[in-house]
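Each remark here refers to the structure printed beneath this line.
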Amino acid sequence: MRATTKHTEEVVENIKELSAQFASERAERLRRRELAAADFEALVDAGFHLTGVPPDMGGLNGGIAEATRPLCEMLRILAHGDPSVALVASMHPAVIGGWMEVPEAPPPYTEAWEKQRRTVFETALNGCWWGTIISEPGSGGDSSKTKATARRASDDEPYLLTGQKQFGSGSGITSFMITQAVPEGEAAPDVFYMDMRGVPWDGSAGALLTAAWDGHGMTATQSHAMSFTDMPATRAAWPDNRQRQRMRELAGRPAGHLFTSVIVGVVESAVDAARQQMRSKRDSMRPFEQVEWSRVEMEAWLIQQAYEGVLRDVESGNGNATRSGLLCKEAVAELADSTLLRIGKVVGGGAYSRSSPYGFWLQDARALGFLRPAWGFAFDSIFNGVAWD
Ligand SMILES: Cc1cc2nc3c(=O)[nH]c(=O)nc-3n(C[C@H](O)[C@H](O)[C@H](O)COP(=O)(O)OP(=O)(O)OC[C@H]3O[C@@H](n4cnc5c(N)ncnc54)[C@H](O)[C@@H]3O)c2cc1C
């Protein structure tokens, strides 16, 4: 067991320190195209993994109402130092939430579900990273369109999963990856997890790297595309994805807020850096620059209100936190894009240089709209969820 019992405040402080160190290496980090294992070891040492473990197992996750704010804060702060590391880190609690936020399964799955939950939490306690490679080409981020399949010869044998997957952030760092596939003989996809430890990416053990991540932003996330052929996979022990998702919503899970926290952190870094840079020029700013900067202030304020509003909904238990999270994610995706473009116009041509961080931050922030639920699917959900009366 690697992690030791820590208090939430202590973990937040540790992450502040780590993020400050990352920020001091910013120029080099923003150009990275790969993850460094040492960063993730440092995060485990800081206690981040305890957020994926319940208190009765020595962890810090006391449920959605209690754990969401500190978790989002950790990710927001971490993004100040390294957006790619923060985005990969956000996948871990987002994935473990699939077990954390579903405390009990109905018979006959009750016992098996509890056993699986404990197994998952144990791995987090032991410092394993979890990630997700659910996305499939052409699905638009809608996992109900999953084409991957899973079959098994008998009830005692593991499932074998076959399909094309992409955007597996943290590939190479993660020990376990969840994905979705349609079990043979069934109509709807379900969640499976794959033990990626020691699995080569040459196709010889079920996983073939088909495209290494080459993003304009979040460049170091190793969000690779993979082709799986008969890859051994374990199915969720309560085999009813729809009911599990429903339970997570009822528990007050704010959709996408872990991802949003990362981008809120990116915008904060950019606004702070630009404010410092513009301080000496404030009296010589042209009217256009003054107006644009005023808009930066307005949009940055709106982003903070939206971020905080979701956390308030989660903590008060009033309202629909799942919907608040979704509305916030899409609003912040649009506002972040606009804020970072305006900052570039005010800062001047230098912002266009690759020696300046603004262009990197702009591309990093753009990830939010593509993250689950991706643009079109997210707007479908917003429109379909309108309370017209
Ligand atoms: C920075 C970032 C991180 C993400 N992390 C995750 C994650 O960890 N897990 C997850 O399940 N989803 C992740 N997503 C995906 C997201 O959740 C949506 O599912 C996705 O953006 C929706 O894309 P699409 O199906 O519309 O893509 P489409 O535009 O339909 O498909 C993308 C196309 O790009 C091609 N492509 C070529 N190389 C690659 C490559 N290396 N990676 C991806 N596509 C490639 C594919 O062939 C495919 O045709 C991430 C997205 C972004 C932008």
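First listed ligand is number 1; within each ligand, the first listed atom is number 1.
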task = Step through it carefully: locate the ring centre of Phe40, locate the ring centre of Trp129, and say whether they are under 6.0 Å apart.
result = yes
ask   = What atoms in ligand 1 come closer than 4.0 Å to a heavy atom of Met91?
value = 5 (N), 8 (O)
query = Non-hydrogen atoms of Gly215 versus ligand 1: any pair closer than 4.0 Å?
reply = no
task = Select the closest option to atom 51 (C) of ligand 1 among Phe167, Trp375, Phe377, judged by heavy-atom distance.
result = Phe167
key: Residue-ligand contact Gly138/ligand 1, heavy atom below 4.0 Å   = yes
ask   = Is it true that Glu136 lies under 4.0 Å from ligand 1, counting heavy atoms only?
value = yes
query = Taking the inter-plane angle between the rings of Tyr307 and His257 on a 0 to 90° scale, is it parallel (under 30°), tilted (30 to 60°) or perpendicular (over 60°)?
reply = parallel
note = Restricting to heavy atoms, the pick from Ala212, Gly140, Ser90 nearest atom 24 (P) of ligand 1 would be Gly140
query = Does ligand 1 have any atom that is closer than 4.0 Å to a heavy atom of Leu371?
reply = yes
message = Within the supplied structure, the quantity of interest is the number of heavy atoms (other residues, nucleotides, ligands) at a distance under 6.0 Å from Arg372 CZ; does it exceed 12?
response = yes
query = Can you name the closest pair of heavy atoms from Ala321 and Gly252 and give their distance?
reply = CB-O, 3.4 Å
Ring centres under 6.0 angstrom apart (His224, Phe167) = no
request  = Could you say whether the N/O atoms of His224 and ligand 1 ever approach to under 3.5 Å?
outcome  = no
message = Once you restrict to heavy atoms under 4.0 Å, what part of Lys165 touches ligand 1? Side chain, backbone, both or neither.
response = neither
message = Are Arg29 and Pro83 packed together at the side-chain level, in the sense that at least one heavy-atom pair is separated by less than 4.5 angstrom?
response = no
inquiry  = Are Trp99 and Trp238, when compared by the centres of their aromatic rings, separated by less than 6.0 Å?
reply    = no
task = Please work out which of Gln166, Met218, Gln164 has its closest non-hydrogen atom nearest to atom 45 (C) of ligand 1.
result = Gln166
